2 protein chains.
Amino acid sequence: MSPRPPKTSVTDRLRDDILAGSLAPGTRLIEIQLTDRYGVGRAAIRSAIVELDKEGLVVREANRGAKVRAISVEEAIEVYEARAALEGLMARHAAREATKLEREELRALVPGMREAVERDAPTRFAALGRDLHERVSQIGRHRVARHLIDTLRNQSRGHPDRLSAIPARPEQSLAEHIAIIEAICSGDADEAQAAVERHIESIIATLRRDAD
Amino acid sequence: MSPRPPKTSVTDRLRDDILAGSLAPGTRLIEIQLTDRYGVGRAAIRSAIVELDKEGLVVREANRGAKVRAISVEEAIEVYEARAALEGLMARHAAREATKLEREELRALVPGMREAVERDAPTRFAALGRDLHERVSQIGRHRVARHLIDTLRNQSRGHPDRLSAIPARPEQSLAEHIAIIEAICSGDADEAQAAVERHIESIIATLRRDAD
DNA sequence: AGACTCCGGATTGTATACGATCCCGGGTGC
DNA sequence: GCACCCGGGATCGTATACAATCCGGAGTCT
């Protein structure tokens, strides 16, 4: 048994490269070149491009090839609006269905967040934010919403708004996160949904401001 | 210029066949067979299957082939919940952005609906329902939401809930439709969103009832 | 000069052929 | 009888080769 490399799919590798910014928006994705880059045949590349097109990370034009999608601020705002609707739904479910243990684990995130803000560690704070999101998605137990949210998150990542992923005002973001956690833990579904929506709306507001 | 065959893509034809029920849920999609059925090479079939997998109409298992997806009632409910969130968002936008002309056109749908219910023509009523939906989607001018909604609608079509697509109680459905139209036409964004959510919630309630 | 035509290169789209993987049934040993 | 092993057949996965399409630029006619 040779230590077989886990053999992550070409689609995953390409997606990661796009999200990491190693393939900038607008870059043409030429099948032969990618064949070379990833060491697989054109068929695999082709399939990966089709998939990522459906995920909204790539645009394909007939007979003209594909390129990494560049989304405008307007589109980014739409993505966030859709996320607000779906993540609101997810939070609502989470508030209803969280177990006692899950609520405790959620609350346990707060001290770390506070600390990250106090020590001015935005990267760490952002990581905890992703963590919070991931937990809520698990707790909500809503596979359809989860899948859509994940796709949308990828779309709004790494593009013109990359900066706003690290929020301008961590204090506000912290307060919003705490509100979300509190609502879910206390089982208040309406408030959980509203808190998530407010949080994302405030991101949208920042986006709008920066767009001017 | 020979009358060129409109040449609709294999993906579209396969999708249509699935939605029309000509390929029942659970049917194995064997590439060679489809090659024969649609008169194209395996590559095209393959690509179509990948796309429809991403659209949620087909499930693919590695090295085991693809089959038409059969969704359970629980999944159907999740799909409707996600739709409620997104179509609510869409209605909210529509209420804000509809032009005068668009509002008139929306209202013009009401008499036909009334008539369809009075004359007990459920098929016609369902068609008008789809029409209403299409109009609202156009008016809302929200491409991201629109795309997601369309995908979700396809998922919940033609499956165990096909029956409920023709609503059990047209009178209630009619009232809900009118409420949606009125809210959008009067520019009440909150009420438009709420009306759409109520409408879809009532579909979910029917689904839940039938599941027992 | 301007616009039109046509050709060459680059790239995608498609067909064919081969190799890899998996399920399933029969056989074998205990 | 039962568990295990192993080979055959079907089907997916991938590489290779070729045809179709499109873009850009040189050349030409007015």
Side-chain angles (χ1 to χ4, degrees), chain A residues 1-18 22-71 147 155, chain B residues 1-18 22-71 147 155:
Chain A
M1 272 288 150
S2 67
R4 183 165 300 286
K7 199 160 61 168
T8 140
S9 80
V10 179
T11 306
D12 290 341
R13 285 200 280 164
L14 217 185
R15 186 192 299 109
D16 287 346
D17 283 349
I18 291 174
S22 139
L23 290 168
T27 315
R28 288 193 60 187
L29 298 176
I30 293 164
E31 297 177 359
I32 297 280
Q33 289 178 3
L34 299 180
T35 282
D36 182 49
R37 177 183 239 242
Y38 295 109
V40 297
R42 258 184 67 200
I45 299 293
R46 201 145 221 312
S47 173
I49 288 178
V50 170
E51 288 191 57
L52 296 181
D53 170 63
K54 284 280 172 181
E55 291 182 20
L57 295 178
V58 155
V59 281
R60 255 190 327 157
E61 264 171 307
N63 289 315
R64 303 225 4 181
K67 52 195 213 300
V68 179
R69 180 152 182 225
I71 79 175
H147 177 247
Q155 285 183 37
Chain B
M1 268 291 147
S2 67
R4 98 177 33 142
K7 200 161 64 168
T8 140
S9 81
V10 179
T11 305
D12 290 341
R13 285 200 280 165
L14 183 56
R15 186 192 299 109
D16 288 346
D17 283 350
I18 291 175
S22 139
L23 290 168
T27 315
R28 288 192 61 186
L29 298 176
I30 294 164
E31 297 177 1
I32 297 280
Q33 290 177 5
L34 299 181
T35 282
D36 182 49
R37 177 181 237 243
Y38 296 109
V40 297
R42 258 185 65 202
I45 299 293
R46 204 153 212 324
S47 174
I49 288 178
V50 170
E51 288 190 58
L52 296 181
D53 170 63
K54 284 280 173 181
E55 290 181 19
L57 295 179
V58 155
V59 281
R60 252 189 330 156
E61 263 171 308
N63 289 316
R64 304 227 6 187
K67 50 195 214 301
V68 179
R69 180 151 182 226
I71 79 175
H147 178 247
Q155 284 184 38

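In what follows, every chain begins at residue 1, and chains take the letters A, B, ... in the order their sequences are listed. Bear in mind that the values here come from a model prediction, so they are computed numbers and not experimental data. These values consider heavy atoms only, across backbone and side chains, with no hydrogens, waters or symmetry-generated copies.
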Side chains of residues 32-39 of chain A: which donor-acceptor partners sit under 3.5 Å, not counting sequence neighbours?
from    : atom 1 : to      : atom 2 : distance (Å)
A/Thr35 : OG1    : A/Glu31 : O      : 3.1
A/Arg37 : NH1    : A/Asp17 : OD2    : 2.7
A/Tyr38 : OH     : A/Asp17 : OD2    : 2.6

Fill in the blank from the handout: With B for base contact, S for sugar-phosphate-only contact and - for none (protein heavy atoms under 4.0 Å), nucleotides 9-15 of chain C reads --SBBBS
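- Residue-environment remark: NZ (A/Lys54) exceeds the threshold of 12 foreign heavy atoms within 6.0 Å.
- Note on A/Arg15 versus A/Asp12: salt bridge recorded, some NZ/NE/NH1/NH2 to OD/OE distance being below 4.0 Å.
- In this structure, the side chains of A/Leu14 and A/Leu23 come closer than 4.5 Å at one or more pairs of heavy atoms.
- Counting all heavy atoms, side chain and backbone alike, B/Arg60 lies closest to B/Ala66 at CG-CB, 3.7 Å.
- Terminal axes of the helix from C/dA1-D/dT30 to C/dC30-D/dG1 (five pairs each, C1' rotation axis) are separated by 0°, to the nearest 10°.
- Residues B/Val50 and A/Ser47 come closest through the heavy atom pair CG2-OG, 4.0 Å.
- The minimum heavy-atom distance between A/Lys67 and A/Gly26, with the atom names listed, is CB-O, 3.8 Å.
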